[in-house]
Structures are given as C-alpha cells and as structure tokens.
Amino acid sequence: MTTELVLLGTAGAPMPVADRAGISSAFIIADRVFVIDCGRGSPSAFANAGLGFPRLEAVFLTHLHADHTGDLAGMLLYPWGVRVGDNGPLPPVRVYGPPRPEAMPEGDATFHRETTIHPELPAPGTTDLVENILAGYAYHLNVMPLDARMPDAGALVRAIDVPVPARTESVTQSPVAVFEDGVVRVTAVAVTHGRAVPALGYRFDTADGSVVFSGDTTVNDDLIALAQGADILVHHVADLGYLERHGMTGAALQRMAALHTDVTEVGDVAERARVRELILSHYLPAQPDAITDAEWAERAAQGFSGTTTAGRDGLRRSLPRGAS
Ligand SMILES: [Zn+2]
C-alpha cells in the first residue's frame, strides 16, 4: 500500500503567475486520492502527477477564497466521463469545506465592499458553492449526455459542510471529525485568516503516518495542537518584508500580516507542533523567481529542529518515513 503526499500547486493568492500552479495538494492512500484545495491548474496538475481521475474520492476546501476553489468546477466536470465503473457511476466525489458563516463578514473604513454581489445569499458555503456549480453548468450536465455516453450527473458530487463551531478568541477548540473509516481519519480546526470565516486546517491520519495542511492562517494555537507530532506539516508561508520592499505599506501590509504566517514565524510553529518535516507551500510572493527555494527553506527553518523543505509543484513524499 502506498501512502503519499503530492503538491499539485504551491502559489498563494488569486493572481496567476508563470511557472507555478495555484494552491492544491493530493493525499494518496493506496488507490484512493484526496485533494486539498483546488486552485488554478489543479486538474492539470492532478493529471501531470499521474493520478487517475476515477481514483478521486474527495476534495477538502480550506476556505472559500477563489485561489483555493477556482478550479473546483473543472475538477468535477472535466473528468466526469470517467467517473464510471463496471456497475454504473462511481460513488460521488465528496466535497468537504466550510459552511456559510454565521454572520456576513463586515468590513471597516479601510477595507469594505462596494456592490454586494448576490445579496440574497452573499456568503455561500461549500454546499451552496457546489450547488451553484451544478446550476451554472446545467447546460453541460443536461446536454452532453445527448451526444456522448456519460454517467448519471446526479451521481457526480456530494457536498458536505464541515460543522466547525464559531471561533472564540483565546478559547481552545477541539478538532472536528470530518471523515473516518478504517483506513483514514480526517479532522479539522478553524484557523485565522482575516475575514475568511470559517477557514480550516486539516489533519489526515493513517497507519503509515499523518499529514497536516495549514490552510491560510496566522500563527494559531489550535492548528499547532492539531498538528502535534504529525509526520509532515504542509504550511503556507508569506514574506511580509518582501511585500513591503515591493510597495505594500500601511493598512494593506497590516492586513496581510493579519491574514498570513510570515516566513520568520513558521519554523517556530513547526517546532511547537513537533512535526518531523515542514513543507512550505502557498507562497507569497508566488513568483518562483522572487525568492529562491533555498532562501525560503533557510529562513523558514529558523527555530525548527526538524527537516524544512521548500515545496514546489510536483513534490512527492511517501509515508511511512524512509519509504521511497
Ligand atoms: Zn490563499
């Protein structure tokens, strides 16, 4: 049995950059594939990694910003035709993610929206998102089967909102059980990513080891608790100093700091979580030529006694430790 992590894309923020795909990772257990976030290029990266689309079992969204969800529609719709086995359609791809927020996030004098889009449901959750993808692509789903043999569209996807309780500042959260069978257990906690509420970090536990995905977050004690003793922590990282040197100042820089973990902080996060390996992903800045892998890794490793690796698109890690 192979248990493996693959980084499908490692860019942070919605703006496309050359030579680095949007944030997305895959966790593989034997013939089952779980995808964490579906950023830009995720379906192509899935194919490049040699993962067969019939193996896709579930998608886990950390939060509902477009850089994490933009290619979810493609991840469901492009491979629809192969979602079929000997006995009819394969089980639906399950899409787990944040529910609707309890209250619509409000802005302030500096950062606020002008037009509210779709005011009747201005902050849809994961099940709403999937329902709207199906509604928006109803033409394809209803008309394509008239010209090609397609599995029943009704069996394509099933969305599940992860029932995270609202975070209360300085109150410790217990992880929420997202999914469990005899082989894999997935748990989640709410992390802190500005007004993106709720935002989630996920932990995957198997007999071969455990991998934690931070999602986008500031330094967060609940995430550190979730990641305790994990084999691998895939953590997003920002270089706020770089952003400042390249023109981001004042309130915009402060807000970035309230959204992200800086490269100077992430080593301490990994040390406190006592993980074996820290793998960097979701880079800000995202351009591969902005900061070298070696520089990212060297700076992130400060204060961490384990192994630090600068993640890149296509990076693979097998579990358990020492497996090829
Ligand atoms: Zn992001």
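Read the numbers this way: they start at 1 and go in the same order the structure lists the ligands and their atoms.
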Asker: Would you say H282 has an N, O or S atom lying under 2.8 Å from the Zn ion (ligand 1)?
Answerer: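 Given the 2.8 Å cut-off, H282 counts as a ligand of the Zn ion (ligand 1).
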Asker: Compute the centroid of each ring, for H260 and then for H193, and state whether the two points are separated by less than 6.0 Å.
Answerer: yes
Asker: For N/O/S atoms only: which one belongs to D67 and is nearest the Zn ion (ligand 1)?
Answerer: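 The Zn ion (ligand 1) is closest to the D67 atom OD2, counting only N, O or S.
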Asker: Is the Zn ion (ligand 1) under 2.8 Å from any N, O or S atom of H236?
Answerer: no
Asker: For F213 and F204, I'd like to know if the aromatic rings sit close, meaning centre-to-centre distance below 6.0 Å.
Answerer: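 Yes.
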Asker: Can you sort out the partners of A230 under side-chain contact (heavy atoms from CB on, under 4.5 Å), two or more places apart, ordered by chain and number?
Answerer: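 A230: side-chain contact (heavy atoms from CB on, under 4.5 Å) contacts with R203, S210, V212, V275.
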Asker: Considering the options T261, D216, N220, which one meets the side chain to side chain donor-acceptor pair (under 3.5 Å) requirement together with T192?
Answerer: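 Result for side chain to side chain donor-acceptor pair (under 3.5 Å) with T192: N220.
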Asker: Of all the N, O or S atoms in D216, which one sits nearest to the Zn ion (ligand 1)?
Answerer: OD2
